**Student:** 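Please see the structure below; I have some questions.
Numbers for residues simply follow the sequence, beginning at 1. Please read all numbers here as calculations on a predicted model, not as lab measurements. When a ligand or atom number is given, it counts from 1 through the structure's own listing order.
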Amino acid sequence: MRIVIKIGTSTLAHPTGLLNVRRVEALCKVMSDIKNAGHEVILVSSGAIGMGVGKLGLRQRPSDIPSKQAAAAVGQCELMYTYDKLFSEYHHTVAQLLITGDDTDDPVRHRNFTNTLNRLMELGALPIINENDTVATEELGIGDNDTLAAIVAKSVHAELLILLSDIDGLYTADPHTDPTAKLLRRVTAIDDHIRCLAGVSQTGQGTGGMVTKLRAAEICMECGCQMVIANGNNPANLYGILEGREIGTRFIMEV
Ligand code: GLU
């Protein structure tokens, strides 16, 4: 199976902005094992800005664009250093792809990007993708990695996109404030009711939240790719998701 896995900042880093070492080690181990089992894995990883904030010792995430871009430039190195080190332990070779909205909109650049990804997978490498935050501002770029991951999944005809976040999935209400909130296990169409639920169930630290996750689900469902939103706090969940078990919220087009 060809799988795209997106990891959000809140899964990778502690609220201090520094790496959640235990979690990231466990994630890399499970993803290596999934690749060893014969699946093709593409990773879309956030965390450049978050980790740059930690590494530069900034007291909080900056709000101005040049500072965010500077933090991303620092954090992206740290991210790739970490992935390279951890995946190397399991004999996997990582490749970095930093792209912008222009690269997915322009047909020639999009084809180049897709060809590179396909070739990397033929070579057995593990592509790790992030938006090129140093040149793409939030206003002009793709803006969030949920959408980026869905565009990637569509481009390479992936069968499954897994969004790992700090929330278990899509709820009927905000689970932080409403104890009656129920986790939806399966969504077969994105209608106004589902869109309305996304407005009330928020996630924490990252850029995305539920609204961008639903946008990603729409892109996936249009091209027949399943999508699962699951909590990244238990990396072993990835095995269960691949086995089709009820973990998180699965978006699947009914035929
Ligand atoms: N590209 C951003 C980063 O690496 C994250 C965007 C997102 O989480 O959606 O920090």
**Student:** Pairs under 3.5 angstrom only: tabulate donor-acceptor contacts from the side chains of residues 154-161 to other protein residues two or more places apart or in another chain.
**Tutor:**
from: Ser155; atom 1: OG; to: His110; atom 2: NE2; distance (Å): 2.8
from: Ser155; atom 1: OG; to: Ile151; atom 2: O; distance (Å): 2.7
from: Glu159; atom 1: OE1; to: Arg2; atom 2: N; distance (Å): 3.0

**Student:** Does any N or O atom in Asn130 lie less than 3.5 angstrom from one in ligand 1, N or O only?
**Tutor:** yes

**Student:** Would you say the side-chain atoms of Thr100 and Asp102 include a donor-acceptor pair closer than 3.5 Å?
**Tutor:** no

**Student:** Can a donor-acceptor pair be found, under 3.5 Å and without considering hydrogens, that links the side chain of Asp191 to the backbone of Ile194?
**Tutor:**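 Here the side-chain-to-backbone pair exists.
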
**Student:** Under 4.0 Å from a heavy atom of Asp144: which atoms of ligand 1 are those, numbered in the order shown and with their elements?
**Tutor:** 9 (O)

**Student:** Have a look at Val21 and tell me which of Val24, Leu18, Leu19 forms a side chain to side chain contact (heavy atoms under 4.5 Å, CB included) with it.
**Tutor:** Leu19

**Student:** If the test is side chain to side chain contact (heavy atoms under 4.5 Å, CB included), which one of Asp133, Ile128, Asn132 qualifies with Asn130?
**Tutor:**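 With Asn130 as partner, Asp133, Ile128, Asn132 yield a single side chain to side chain contact (heavy atoms under 4.5 Å, CB included), made by Asp133.
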
**Student:** What do you reckon, does Gly47 put a non-hydrogen atom under 4.0 Å from ligand 1?
**Tutor:**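 The answer is yes, since Gly47 has a heavy atom less than 4.0 Å from ligand 1.
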
**Student:** Please say whether Asp133 places an N or O atom under 3.5 Å from an N or O atom belonging to ligand 1.
**Tutor:** yes

**Student:** Classify the contact between Asn145 and ligand 1 as side chain, backbone, both or neither, using a heavy-atom distance cut-off of under 4.0 Å.
**Tutor:**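 Both of them.
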
**Student:** If we only count N/O pairs under 3.5 Å, is Ala48 in contact with ligand 1?
**Tutor:** yes

